[in-house]
Structure formats: C-alpha cells, structure tokens
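To start, the structure itself, in structure tokens.
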There are 2 protein chains.
Amino acid sequence: MADVAKHAGVAPMTVSRALHDDPRVSPSTRVKVLASVAALGYRRNEVARSLRAGQSSDLLGLVVTNLANPFYAQLALGVESFAAEHGMTMVLGNTAEDPGREKELVNNLVSRRVSGIIVVPAGSDHSHLRPSGLDGMPVVLAARPPSRAELDCVLVDDFGGALAAARVLTGAGHRRIGFLGPLPGLWTSAERFRGFCTALAEAGLAVDEQNVRFGLRDVPAAEHAARELLHLADPPTALFAANNRSTIGAVRAITGARPRTALAGFDDFELADMLGLPLTVAAYDPAEIGMQAARLLIDRIDRIERAGNDTPPQRVVVPTTLTHYGQA
Amino acid sequence: MADVAKHAGVAPMTVSRALHDDPRVSPSTRVKVLASVAALGYRRNEVARSLRAGQSSDLLGLVVTNLANPFYAQLALGVESFAAEHGMTMVLGNTAEDPGREKELVNNLVSRRVSGIIVVPAGSDHSHLRPSGLDGMPVVLAARPPSRAELDCVLVDDFGGALAAARVLTGAGHRRIGFLGPLPGLWTSAERFRGFCTALAEAGLAVDEQNVRFGLRDVPAAEHAARELLHLADPPTALFAANNRSTIGAVRAITGARPRTALAGFDDFELADMLGLPLTVAAYDPAEIGMQAARLLIDRIDRIERAGNDTPPQRVVVPTTLTHYGQA
DNA sequence: CTGTTAGCGCATTCAG
DNA sequence: CTGAATGCGCTAACAG
C-alpha cells in the first residue's frame, strides 16, 4: 500500500480511502490511485484488514459430518451460494461424525476469527457450541437441533415427512411394516422413527421390535438388515427406510425377492425412478437447508454488528414433499 | 495474550513461546502459562499470527466448478482430508463454470493469503493462474490441464479410460456407435472423445458426425440427445457416454427402447448395477484426485518455504479401471 | 531462561 | 479533501 501511495504521490491513507470508495476522496485522486493500483498489481491484504479490531473477516465456517454424502455436499453448496451472494467466503471442515474433530474444527474457525459458523453437530451434547465459550462467535446448527445450548437451527420436517411416507404404506393396507434406519442417537433418525410409529398407531398397528433395525451406517449394512427382515418366519410386507442409505439398501434387498415387498423412505435420490419397483419418498432440497442456515447466520451476524443481539434463537423447518415413483 | 501474561505474571513473549512449545521456556513457567490460558479461556488469534510477514496461514484454497456434482464433492473431500492431516484448513469456492467468478474467487483467496490454491479451471485460458501474477501463490490444477501457464496438475486418464470403454463396444461387434458428451471445449471431454475415436479407428470404423452429440450439460439434455440418436433412420446399436450425466441420460433413453442399445461410459455412479441393463464404465476415485492435488500443493508450498522452488511443474495421472455391470 | 523493541498492513481518529 | 499518528495481536531479533 505504501508503494502504491508513493507511485501515486499520495499518502497511504488516501489509497485506503480510494479503495473503500470513500466519498471524501476527489475523483481525480481516486483515478490516480486506482491507476497505480493497477500498474503495480496491488492487492489489499485481507489478513491485515481483518486484524483491525471488530472487523469481520467475511469468512463463514461450515462444519459437516460427511461430505461424501451427497446430502451434505448439496447443503454445502447452499451455504456457499448464499454466502457468496453476501460477499462471504466459505471455510469447510469435515468431522466424519467425530465430536472431538468437531471441537478442533470449531476452535480452529474461532481462532481464525470467521464471522460465524454453521455446524451439523456430530455428538448429542452441544454445550461446547455456545457462543459464550466461543468469544461470542454466532453458531447456527443445521439438520440437527441443539441440546444443552440455545442456538439458531434449521431442520427438516423429519417427523411430518416420515409420517406422510409411512401413511402411504399403512394406507395401502400393509399391517406388518419393517423399519430401517441409522443410529437411533441421531435426532433426525429418532424423529423419523417417531413419525413411522405414529403412522402405525393411526392405523391401529403395533410396532414389532423384531421388524425394527437401527444402526445402519451404509448401504451394505442396510441391505443386510433388509434381507434379514425378509427372511423372518412372518416377514413384513412393506419396509420404511429412514434415509437414502437405508432406502438404497432396501431396494437392493427387495429387488428380485418374492413376494415383492412395498417400500417407502426418507430422502430423494437420483435414479429412484429407474429401479423397477414402486417407491414413495419424503423429498426435500438439501441445498435449501444450507441456504436457510446461512441466512440465519448472516442475520445474526448483522444483528451482532449492530449491537442488538437480543433476538431469541430461531428455528426454521424445511418441509418435505411426498414423491411417488412407479415401476420403470 | 497480554491478559494471560499478566495473569501468569510473565511477559507476553513468554506466553507466545509457551504456546509454541519453545524449548527455551522452563517447564514450571510453561505450566503456569498454560494454567492461565485455561483459566482465562484464551485462544490465540490466528489472524494476527499470519499477519507476520512470510507466515503461512495454514489455509488451503479450493475452487471447483460445480459442487452439486458428486464428483467434485468427492474431490473436495479428498482435498479436505489430506489438508487436515497436514494441519491445514480448506477454504472452498464454487464457480458454476464461470471464468469471471473463478478470477474473483482466486483473487479473494490470494488476498486472504492462503498458502496455496487448487483449482478446477472453468475456462480454457489459465494465464491468470500463473503464480507470478498471484504474489507467488502456488496453484495446482485438478481434472484439467494448464494452458498458457506452467502449473502442477492432476488428471484422470481420460484418453485411456475412454479408449478401453469404447473398445468394449467395438469388441462386441458394434459398428454404429453414438457419442454423447458435455461441451467439447472441456479438455476432459475432448480427450474422452479422442479415446472414443481411437477405439473406432482400431476397429476400422469411421466416426459418423451424425452420431456425435456434444454440449450436453445435464441429464435431461443427454436423454434428449440419446433419444434423437435412437430415432435416426439408421440408429446406432451402441452408445458411448463421456461422463456420468451423459451416461444417466443415455440409460433413461435406452431403457424400454427396442432393440436394446448397448452402452458404455466414463465415470462410475451409484446404482449403476441396478438399472436392468448391461453397462460398462471407466471408473476412478474422484477423492484420489483431490488428495493428489493437495499433496502436490503442499509439496510445492514446502519447497517455496525452503526457498528451493525450482522444480518443474509435475503432472500426476490417476488411472481408470473398467467395470462391467450386468442386468439387474 | 526471560523480557524489550519493533513492525507485519491496514483503517480509525484526529489534525490540518 | 488529505495526511500523520496510533494500535489491532502476534512473534522475530536482539538484549539481559
């Protein structure tokens, strides 16, 4: 900056002002400065810029549990696009569902003085995400609600979506319906199970524990569990799968099995219509979650900057829509 | 830091040293300092830290063209995991294939003084990515090679993979084979087309322009183009699709068509085995590209820090393997 | 082993 | 409208 100032024959301060579109600098001076900037290929140092106290870094942190899952990739895209629209840059970390790693990443982001953080929390206790312990850094939770901490969050209508999808099965007259899902400790998983149970109860059906399988982390695990259910003495005539991993596993197990088992699930996925079997899914847009989370976060950041951060935590729920796929 | 120093009864410099595991600080002092750090909940300001000249920010920039594509999400995961292993944090931007946006993002990253940048370039002229114009910032290209600039890069064996996959079709006796691909301006696309042409030439076949469709940006476009080919007076008996979007479009067009058209493609994708038609794909691991790119970049960064950045640009090629899927 | 000095690049504050 | 002084938080380099 000093070089530019010398080149333009002004003081560094004037260069700074010209770069800020400060109206107090005369047009002629501004032109001179900008010419020098171009001539010298000068680029403002954002690090120094954000060192100045209270300055926002215009960085937005995102911590997800598993980028390999298209769901989180889409979510990240939603965050990135909203952030970019607002002049912010996204810093991304992956926890692999490890709460320890999550803590590391969040600390790292706080140390870098990002403006705020969006977290898909890995554990069930989120007390370490309270802004009070994070130098006041605002935090928004995505996909999973806060526990032991009051935070903004964006959720999917897990209960409602599961209820609606499961109702399709009960409505079709099925009376023995199996459940496949990931770890029951995950809030989303528990909510979807609750929706499933409610649909059964509405139809006057009891949930048979024998037909319920949790802890299915990936497609092979889900496929294996689904096959087990289908080989029971009195197998379910329909399956409900609580996420796209489970649904795909179920599809693999069901395909070719006799008699054909009905299937409904949570999460849409590509090629769902090409699998040669009827399928109902509770669908929603993962990018929407990311965008909403970014919106909440940026709102909160603005409010903090205006020193009026007294709003209570917000909770946004993204709705689901039921999609039916027929046979290919 | 001053507060910690006061609390511990030492000078700020000593705190700094204790936090760095500087061996010159006595164990007793270190303990005292660390206790104060814990007591006050102190967190070092990484912004100030990296303001010091020449200091690396331990940030690694990644600029991709389309995060919504699982390919790039996996690539990002590869970068993130390698970076994290080396104590670096990833900053991610999405260009949506817009070269202007790419320039913005790269400039932004340079301004933030990241340690280096990995770019999946959107345009065909990469002269703006030369480190010389970027304050010496090292750049590694991923998935597409540099033009008008000497840069490290990581590529897929586009030619070889396409050749092998197309040979499966010619080897099966097909003599009229259609080609579906994205914009021919993309290097990957051009290379895959070259592989396709080579396979045909080996079999003594000419490439019929009528059977070649480029510019297919998404699945619907690919499906539409594939249907057009299948409705020609003398339709191809096999199709070669140059990426997973094209392949999926082709699958949609072929399914249910009579007579059944053979299909081979570039890129593996989930559920490829469940589509009820035989399919051969040239597969590879997208995360591997990200990891290799991060490795090249970190190598280069290390070399620059040791002031020995005289190595010529490296080029790493990730191999493909042929995968055959039968009928479901 | 510990402390002091100085400065990274920028922008706020106050003087011209 | 422009400039000079000052400090953000940290750490090399040099004393003690």
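A note on names: the letters A, B, ... follow the listed sequences, proteins ahead of strands, and every chain is numbered from 1.
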Give the residues of residues 5-22 of chain A touching DNA chain C, defined as any heavy atom closer than 4.0 Å, sorted by residue number. A/M13, A/S16, A/H20
Decide whether [X] and [Y] meet the rule of one side-chain donor and one side-chain acceptor closer than 3.5 Å.
X      : Y      : value
A/R303 : A/T311 : yes
B/S111 : A/R44  : no
A/N108 : B/T89  : yes

Can you check whether A/T29 reaches A/V10 side chain to side chain, under 4.5 Å on heavy atoms? yes
Compare all side-chain heavy atoms of B/T95 with those of B/L105 and state whether any distance is below 4.5 angstrom. yes
[X] [atom1] - [N] [atom2] separation (whole Å):
X      : N      : atom1 : atom2 : value
A/R43  : C/dC10 : CZ    : C1'   : 17 Å
A/M1   : D/dA4  : CE    : C1'   : 14 Å
A/R49  : D/dG9  : CZ    : C1'   : 18 Å
B/D3   : D/dC10 : CG    : C1'   : 14 Å
A/R24  : C/dT13 : CZ    : P     : 10 Å
A/L51  : C/dC10 : CG    : P     : 11 Å
A/R113 : C/dC10 : CZ    : P     : 20 Å
A/R30  : D/dC1  : CZ    : P     : 10 Å

Counting side-chain heavy atoms from CB outward, which of C/dC10, D/dT2, C/dC8 is closest to A/V25? D/dT2
Compare side-chain N and O positions of B/S26 against OP1 and OP2 of C/dT2 and report whether any pair is under 4.0 Å apart. yes
Between A/R113 (side chain only) and A/L59 (backbone N and O only), is there a donor and an acceptor less than 3.5 Å apart? no
Listing request: all salt bridge (charged side-chain N to carboxylate O under 4.0 Å, His left out) pairs with a residue in residues 289-299 of chain B, at least two apart in sequence or in separate chains. B/R295-B/D299
Give a yes or no on whether a salt bridge exists between A/R315 and A/D152, defined as a side-chain N under 4.0 angstrom from a carboxylate O. no
One thing to verify: whether B/D21 and B/R30 come together as a salt bridge, which I'm taking to mean a side-chain N less than 4.0 angstrom from a carboxylate O. yes
Let me test you: for the helix from C/dC1-D/dG16 to C/dG16-D/dC1, what is the angle between the axes at its two ends (five pairs each), rounded to 10 degrees? 40°
